[in-house]
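Worksheet: the structure to be examined is printed underneath.
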Amino acid sequence: MHYLTLGILLGLSVGFAPGPLLALVISETIQHGIRSGARVALAPIVTDLPIIILPCFILSKLSGFDTILGIIALVGGCVILYMGYECMRTKRVALDLGGIKPKSLTKGILANALSPHPYLFWFSVGAPTMTKAMQQHIGAPLAFVVGFYVFLVGSKIVLAVLVGQSKSFLIGRGYRYTMRFLGLALCTLSVVLFHDGLILLGVIAR
């Protein structure tokens with residue numbers, strides 16, 4: 001349940017946060033309907049498997065190097081803290097999409113694969129969490145990944161539905177309050193990562 005909860009929280013935060021893929025989901029929804037926006041939202045499921053495998057493989061080889069893992073945990077804490085800060089300061093998603101050409105699922109896949117964000121997330125946060133989860137139970141990393149992608153993709157599909165019904169959601173209070181709550185939760189999670197990193201570095205006792 002711990003790792004499932006982490007996956008859900010991170011999936012929601014990444015899913016609702018403004019970014020290139022979210023812009024594509026919105027533009028497709030506005031120009032071609034909810035189904036087109038939902039298809040773009042599926043891009044991470046197609047692109048992220050190699051992005052997950054590579055950092056997990058590298059970290060598995062570094063399992064005995066506490067100093068390196070501690071530094072990675074601190075970097076992950078910084079990434080999550082920044083994500084939380086960005087969520088809390090989000091006020092609206094820009095809807096000026098006149099210059100954006102219609103996007104297909106293929107272009108959504110390319111946009112996600114060429115974006116640095118998935119790589120940064122999995123190297124600094126996702127893979128270390130998976131590695132730690134594997135040490136506890138075989139189902140823990142699976143719960144994390146399932147929770148993350150169900151809510152990452154699901155949140156973008158929900159946004160596509162809401163935008164398809166009313167564009168005002170992205171500039172309304174509901175979106176702002178959702179992002180502030182997720183931002184606060186991420187800042188709290190960053191403290192946990194900082195704590196783990198300092199333990200691995202030997203700065204504080206286990």
Side-chain angles (χ1 to χ4, degrees), residues 1-22 25 38 41-45 47-49 51-52 55-56 59 69 72-93 112 115-162 169-170 172-200:
M1 288 301 299
H2 171 70
Y3 289 100
L4 177 62
T5 303
L6 281 180
I8 290 172
L9 172 60
L10 290 169
L12 285 173
S13 302
V14 175
F16 280 119
L21 190 60
L22 183 63
V25 171
L42 296 173
I45 295 178
T47 61
D48 285 9
L49 181 59
I51 301 175
I52 296 172
C56 285
L59 287 182
L69 295 177
I72 292 174
L74 292 181
V75 172
C78 291
V79 170
I80 292 297
L81 184 62
Y82 178 75
M83 288 171 58
Y85 169 74
E86 287 291 300
C87 284
M88 293 180 71
R89 69 191 293 266
T90 298
K91 295 181 178 179
R92 57 175 289 175
V93 175
N112 195 62
S115 171
H117 297 106
Y119 301 91
L120 178 61
F121 172 82
W122 278 103
F123 268 102
S124 63
V125 181
T129 302
M130 291 270 289
T131 302
K132 188 176 179 181
M134 289 177 187
Q135 298 173 356
Q136 298 193 14
H137 190 275
I138 189 65
L142 179 62
F144 174 76
V145 170
V146 170
F148 180 77
Y149 280 102
V150 167
F151 281 82
L152 168 64
V153 174
S155 60
K156 292 190 184 300
I157 292 176
V158 168
L159 280 175
V161 173
L162 293 173
F169 172 77
L170 294 173
R173 291 184 179 180
Y175 182 73
R176 292 200 303 272
Y177 289 152
T178 298
M179 295 306 294
R180 287 174 185 173
F181 169 76
L182 292 173
L184 181 61
L186 286 177
C187 289
T188 303
L189 177 58
S190 71
V191 174
V192 177
L193 291 176
F194 285 133
H195 180 263
D196 290 345
L198 292 175
I199 288 177
L200 289 167

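- Under the 4.5 Å side-chain criterion, counting only non-hydrogen atoms from C-beta, Pro118 is not in contact with Thr47.
- Here the straight-line distance linking atom CG of Leu10 with atom OG1 of Thr5 works out to 11.0 Å at 0.5 Å rounding.
- Annotation: side chain of Phe121 is not in contact with side chain of Ile51 (no heavy-atom distance under 4.5 Å).
- The structure places OH of Tyr3 at 5.0 Å from NZ of Lys132, a figure rounded to the nearest 0.5 Å.
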Checking Phe194 against Cys78 for the side-chain contact (heavy atoms from CB on, under 4.5 Å) test, could you report, in this order, the C-alpha distance in whole Å, the side-chain angles of both residues, the deciding distance, and whether it holds? CA-CA 8 Å; Phe194 285 133; Cys78 291; 3.9 Å; yes
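- Of the inter-residue distances, the one linking Met88 atom CE with Leu186 atom CG reads 10.0 Å to the nearest 0.5 angstrom.
- Note that the CG atom of Leu81 and the CG atom of Leu193 stand 10.0 Å from one another [nearest 0.5 Å].
- Here the straight-line distance linking atom CE of Met130 with atom CG of Leu59 works out to 10.5 Å at 0.5 Å rounding.
- To the nearest 0.5 angstrom, Phe181 atom CZ is 9.0 Å from Leu12 atom CG.
- The aromatic rings of Phe144 and Phe148 lie parallel to each other, with less than 30° between the two planes, well short of the 60° mark.
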Where do Asp48 and Tyr149 land on the side-chain contact (heavy atoms from CB on, under 4.5 Å) test, with the steps shown first? CA-CA 10 Å; Asp48 285 9; Tyr149 280 102; 2.6 Å; yes
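- Annotation: side chain of His195 is in contact with side chain of Ile199 (closest heavy-atom distance under 4.5 Å).
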